[in-house]
Amino acid sequence: MFTSISGRSVLVTGGTKGIGKGLAAAFAAEGANVVIVGRDRQAGEQAAAGLTAKGGGAVSFVPGDVSAAEDCAAAVAAAQERHGGLDIVCANAGVFPAATLAEMTPGQLEEVLGVNLKGTFFTVQAALPALQRSGRGRVILTSSITGPITGYTGWSHYGASKAGQLGFMRSAALELASSGITVNAIMPGNIATEGLADLGAEYIATMEASIPLKRLGSIEDIASAALFFATEQAGYITGQTLVIDGGQTVPESLEAMG
Ligand code: NAP
């Protein structure tokens with residue numbers, strides 16, 4: 001049904017684990033060539049080697065911190081050099097440490113906004129010339145339900161960063177439309193990743209009870225949507241969001257789930 005994306009060049013930030021690694025796996029399985037970015041060199045090299053061994057497109061790693069514009073530029077340069085251009089950018093790297101407003105330090109605020117929001121800007125800015133040359137450029141952001149739709153104690157900085165990504169998306173979609181580049185965002189609910197596991201068993205049990213489909217989302221649930229946004233068939237969709245949350249944002253209360 002969908003035309004192939006085999007041979008496309010893809011950059012995934014935060015690809016060393018979690019959702020980003022799943023995005024890289026899904027694109028590589030379709031024959032796309034992927035560069036993943038993250039700070040953990042060992043995890044990145046292992047992830048790239050493991051995904052490449054599965055066959056499909058090539059997956060390689062570039063160390064980098066997306067809160068540094070120069071690291072984003074280096075990652076984009078590597079993707080172009082290794083794969084002859086850049087067609088698809090997944091701005092996915094993110095952190096979600098908790099801090100209440102009363103306790104949050106300027107440094108904690110800067111870290112979350114720096115990685116999640118400024119990192120999105122730096123990644124897309126660095127990729128712009130290559131995406132323009134591609135003629136079929138795609139930007140796919142990993143936002144969240146937290147911030148744009150819901151709130152959570154301790155995550156005001158995180159929620160602001162994720163809502164901020166959507167503000168970025170709408171203006172970027174307009175600026176890039178004339179180059180044929182689409183900019184869309186996925187808004188995951190609670191997805192089973194290493195990062196989510198770090199929040200603890202009690203958090204996960206509470207979330208599962210709040211999800212009408214009664215399970216955490218899988219990395220593949222998110223990757224399928226990213227693949228769709230990357231297809232030719234999604235080429236008329238831009239500046240839009242897709243919530244993937246097992247229905248978590250639908251009920252008014254636990255009683256409403258029946
Ligand atoms: P994760 O398992 O903790 O993975 C986070 C990824 O981001 C890692 O690859 C990490 O790599 C990378 N990263 C973090 N800081 C970075 C930095 N400064 N520069 C470059 N890479 C960095 O998290 P996840 O659950 O997969 O989350 C991925 C994205 O999905 C985030 O944007 C998050 O906000 C969003 N999200 C997740 C959920 C969920 O339920 N899991 C829900 C909604 C939204 P290194 O450690 O190697 O740097």
Side-chain angles (χ1 to χ4, degrees), residues 11-26 34-48 51 59 61-76 90-98 110-123 126 140-152 155 157-166 168 185-200 203-204 206-208 210-211 215-223 225-226 241-246 248-249:
L11 180 70
V12 180
T13 68
T16 60
K17 60 181 179 174
I19 290 173
K21 187 176 165 191
L23 295 174
V34 187
V35 166
I36 59 173
V37 186
R39 298 158 304 171
D40 184 337
R41 186 179 285 270
Q42 197 186 352
E45 280 166 2
Q46 269 175 11
L51 294 177
V59 181
F61 170 67
V62 174
D65 180 338
V66 296
S67 66
E70 59 274 21
D71 286 11
C72 296
V76 167
C90 297
N92 166 83
V95 289
F96 32 94
E110 179 52 37
E111 183 203 357
V112 172
L113 296 181
V115 177
N116 299 2
L117 186 54
K118 289 187 196 169
T120 298
F121 276 81
F122 295 149
T123 302
I140 303 164
L141 311 179
T142 310
S143 174
S144 177
I145 58 170
T146 310
I149 301 178
T150 62
Y152 204 96
W155 275 344
H157 50 354
Y158 177 76
S161 74
K162 293 287 147 180
Q165 284 183 300
L166 300 188
F168 163 86
I186 292 166
M187 296 163 69
N190 281 274
I191 311 303
T193 64
E194 292 91 329
L196 200 82
D198 290 344
L199 300 177
Y203 173 90
I204 289 172
T206 308
M207 284 305 149
E208 280 169 344
S210 316
I211 298 170
R215 65 169 176 89
L216 296 183
S218 69
I219 286 170
E220 291 75 20
D221 289 327
I222 304 303
T241 58
L242 183 57
V243 174
I244 304 173
D245 71 346
Q248 185 171 358
T249 49

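We count ligands from 1, going down the list as the structure has it; atoms in each ligand are counted the same way. Just the heavy atoms: all of them, side chains too, but no hydrogens, waters or symmetry mates, feed the values below. All values reported here derive from a predicted model rather than from experimental measurement.
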Check: residues 189-197 side-chain donor-acceptor pairs under 3.5 Å, at least two apart:
unit_1 : atom_1 : unit_2 : atom_2 : d
N190   : OD1    : Y203   : OH     : 2.6
N190   : ND2    : Q248   : OE1    : 3.0
T193   : OG1    : G195   : N      : 3.3
T193   : OG1    : L196   : N      : 3.1
E194   : OE1    : G18    : N      : 2.9

Could you go through ligand 1 and list every pair where one of its N or O atoms sits under 3.5 Å from a protein N or O, giving the atom names and the distance to one decimal?
unit_1   : atom_1 : unit_2 : atom_2 : d
ligand 1 : 2 (O)  : G195   : N      : 3.0
ligand 1 : 9 (O)  : G14    : O      : 3.1
ligand 1 : 9 (O)  : T16    : N      : 3.3
ligand 1 : 9 (O)  : T16    : OG1    : 2.7
ligand 1 : 9 (O)  : K17    : N      : 3.4
ligand 1 : 11 (O) : T16    : OG1    : 2.9
ligand 1 : 15 (N) : R39    : NH2    : 3.2
ligand 1 : 18 (N) : D65    : OD1    : 2.8
ligand 1 : 19 (N) : V66    : N      : 2.9
ligand 1 : 25 (O) : T193   : OG1    : 2.6
ligand 1 : 26 (O) : I19    : N      : 2.8
ligand 1 : 32 (O) : N92    : O      : 2.8
ligand 1 : 32 (O) : K162   : NZ     : 2.9
ligand 1 : 34 (O) : Y158   : OH     : 2.6
ligand 1 : 34 (O) : K162   : NZ     : 3.0
ligand 1 : 40 (O) : G189   : O      : 3.3
ligand 1 : 40 (O) : I191   : N      : 2.7
ligand 1 : 40 (O) : I191   : O      : 3.4
ligand 1 : 41 (N) : I191   : O      : 3.2
ligand 1 : 41 (N) : T193   : OG1    : 3.4
ligand 1 : 46 (O) : R39    : NH2    : 3.2
ligand 1 : 47 (O) : T16    : OG1    : 2.9
ligand 1 : 47 (O) : R39    : N      : 3.1
ligand 1 : 47 (O) : D40    : N      : 2.9
ligand 1 : 48 (O) : R39    : N      : 2.7
ligand 1 : 48 (O) : R39    : NE     : 2.6
ligand 1 : 48 (O) : R39    : NH2    : 3.3

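- For the side-chain contact (heavy atoms from CB on, under 4.5 Å) criterion with D65, the lone passing option out of T13, V37, D71 is D71.
- With hydrogens and angles disregarded, a donor-acceptor distance shorter than 3.5 Å links the side chain of K162 to the backbone of T142.
- Annotation: side-chain hydrogen bond (donor to acceptor under 3.5 Å, both in side chains) contacts involving residues 110-119, sequence neighbours excluded, comprise E110-K118, N116-S161.
- Looking at T120, its side chain never comes within 3.5 Å of a backbone N or O of A91 through a donor-acceptor pair.
- Taking F96 as the reference, Y158 meet the ring pair (Phe, Tyr, Trp, His ring centres under 6.0 Å) condition, with sequence neighbours excluded.
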